[in-house]
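To start, the structure under review is shown below, and the notes come after it.
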There are 2 protein chains.
Amino acid sequence: MKLSANEEYGLRCLVRLGYAGENGSITIPEMSQAEGVSAANTAKILRALRKGGFVKAARGKEGGYTLARPAGDIVIAEVMECLGGRLFESSFCDSHGGRTGICTRSVDCSVRSLWRAVQVAVDHVLSKTTLRDLLQNEEEMNSWVRTIPGPNGMRLLQ
Amino acid sequence: MKLSANEEYGLRCLVRLGYAGENGSITIPEMSQAEGVSAANTAKILRALRKGGFVKAARGKEGGYTLARPAGDIVIAEVMECLGGRLFESSFCDSHGGRTGICTRSVDCSVRSLWRAVQVAVDHVLSKTTLRDLLQNEEEMNSWVRTIPGPNGMRLLQ
DNA sequence: AGTAATCTTGACTAGAAAGTACAGATTAGG
DNA sequence: CCTAATCTGTACTTTCTAGTCAAGATTACT
């Protein structure tokens, strides 16, 4: 159970776009440099986010990416599903469920219900979090960081 | 964020061993056939579980695998870590934290704290669940299933 | 000792995910 | 209409995980 690179990068890109504001547009080279990810890869991820309907792209000169909706309407659970699929895609149980789809191998089911519990726990966090929440968290951190300068130019969080 | 095949198979194997009881031994061919997974792959997964200290192996004729501890002492969170690693292994933030290990790129941190929240939610489920819990769940399901025979030989759960 | 059943190990192959490259399409502005 | 900046789509390469295979080591039973 690991976070995929797509999920990590993709969400970072969204946060940065949200941070740029409603009309703030960011190009692939800009995003690439800011995140330290290659332009080709950044392009690929932003493309996925566009297909998911989270961002919109403007082509040509003066083009770039913008959030497709207000940050408060972008639910992180949906973003994660777009970038990395569902946690539990039961390839195993389904093959034993027959036409009813109900798994008859009992030993499978107890495992399956555990996965379901995990999925519920994860969804409980992610489906209640919007991009706006992340941006606000960001603001808090920034103001906090600003008040506590650390040694040799670093900012300490504790 | 997906469950790996290792996690899925490995946990199934553990449940089946637990189901076989404290002294119940299962060989690789038996497990292989019961789970519908190739013997070579089953062997590999059981090996991982042995290295993790969850099962013990007896070699030679009459050999096989047995639980290394009572089912109630086997915490699923540990099993999952053994089979699939931690959810959030921060490759990204750490590279921006310098010697203190604290990430100074604010845009990273809000994402990071989200991952942490997800990890906590998952751990809350998995670290409170032992193999014994899964086996009991199993028992309940079996007795339930037995009471409701479905059409053409299937057992319906609802 | 011999034999058959069993786990162990390391190397190999296949497949999926991540990352790269490049030619093509679109747009703003001169 | 031309150019430069920008996204788009497809195909390629690399890297990591999953799965396979064969030779070796161990044990119980005779």
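Just so we're on the same page: letters track the sequence lines, and every chain starts at 1.
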Quick check on side-chain contact (heavy atoms from CB on, under 4.5 Å): which of Ile76(B), Leu3(B), Val122(B) does Val118(A) satisfy it with?
Val122(B)
Donor-acceptor check, side chain of Thr130(B) to backbone of Ile74(B), threshold 3.5 angstrom: yes or no?
no
Rounded distance [0.5 Å steps], SG in Cys82(A) versus CG in Leu11(A):
11.0 Å
Same cluster for Leu135(A) and Leu114(B) if Ile/Leu/Val/Met/Phe/Trp/Tyr side chains link at under 4.5 Å?
yes
For Ile28(B) and dG19(D), what is the distance between atoms CD1 and C1' respectively, to the nearest whole Å?
14 Å
Taking only residues two or more places apart in sequence or in another chain, which ones pass salt bridge (charged side-chain N to carboxylate O under 4.0 Å, His left out) with Asp73(B)?
none
Between Ile26(A) (CD1) and dT6(D) (P), how many Å, whole number?
13 Å
Collect all protein-nucleotide pairs involving nucleotides 22-26 of chain D in which both atoms are nitrogen or oxygen and the distance is under 3.5 Å.
{"from": "dT26(D)", "atom 1": "O4'", "to": "Arg59(B)", "atom 2": "NH2", "distance (Å)": "3.3"}
{"from": "dT26(D)", "atom 1": "O2", "to": "Gly60(B)", "atom 2": "N", "distance (Å)": "3.3"}

Would a distance-only check, ignoring hydrogens and angles, find a side-chain to backbone donor-acceptor pair under 3.5 Å from Thr129(A) to Leu126(A)?
no
Would you kindly compare Ala40(A) and Pro29(B) by the position of their nearest DNA chain C nucleotide and give the one closer to the 5′ end?
Pro29(B)
Pick base, sugar-phosphate or nothing for Ala58(A), based on heavy-atom distances below 4.0 Å to the nucleic acid.
sugar-phosphate
Honestly curious: do Val111(B) and Val125(A) fall in one hydrophobic cluster under the side-chain, below-4.5 Å linking rule?
yes
Check every nucleotide of DNA chain C for an atom under 4.0 Å from a heavy-atom of chain A, then give the first and the last such nucleotide from 5' to 3'.
dA18(C) to dA28(C)
Below 3.5 Å between N/O atoms, which protein atoms pair up with nucleotides 14-18 of chain D? Just atom names and distances, please.
{"from": "dA18(D)", "atom 1": "OP2", "to": "Asn6(B)", "atom 2": "ND2", "distance (Å)": "3.4"}

Using the test salt bridge (charged side-chain N to carboxylate O under 4.0 Å, His left out), find all partners of Glu81(B) that sit at least two apart in sequence or belong to another chain.
Arg86(B)
Can you check the Met31(A) CE to dT6(D) P distance for me, whole Å?
14 Å
I'd like a table of donor-acceptor pairs (distance under 3.5 Å, sequence neighbours excluded) in which one partner is a side-chain atom from residues 40-66 of chain A, with atom names and distances.
{"from": "Thr42(A)", "atom 1": "OG1", "to": "Ser38(A)", "atom 2": "O", "distance (Å)": "2.8"}

Spell out, as yes or no, whether a donor-acceptor pair under 3.5 Å connects the side chain of Ser4(A) to the backbone of Met1(B).
no
To the nearest 0.5 Å, how far apart are CG in Leu134(A) and OG in Ser113(B)?
7.0 Å
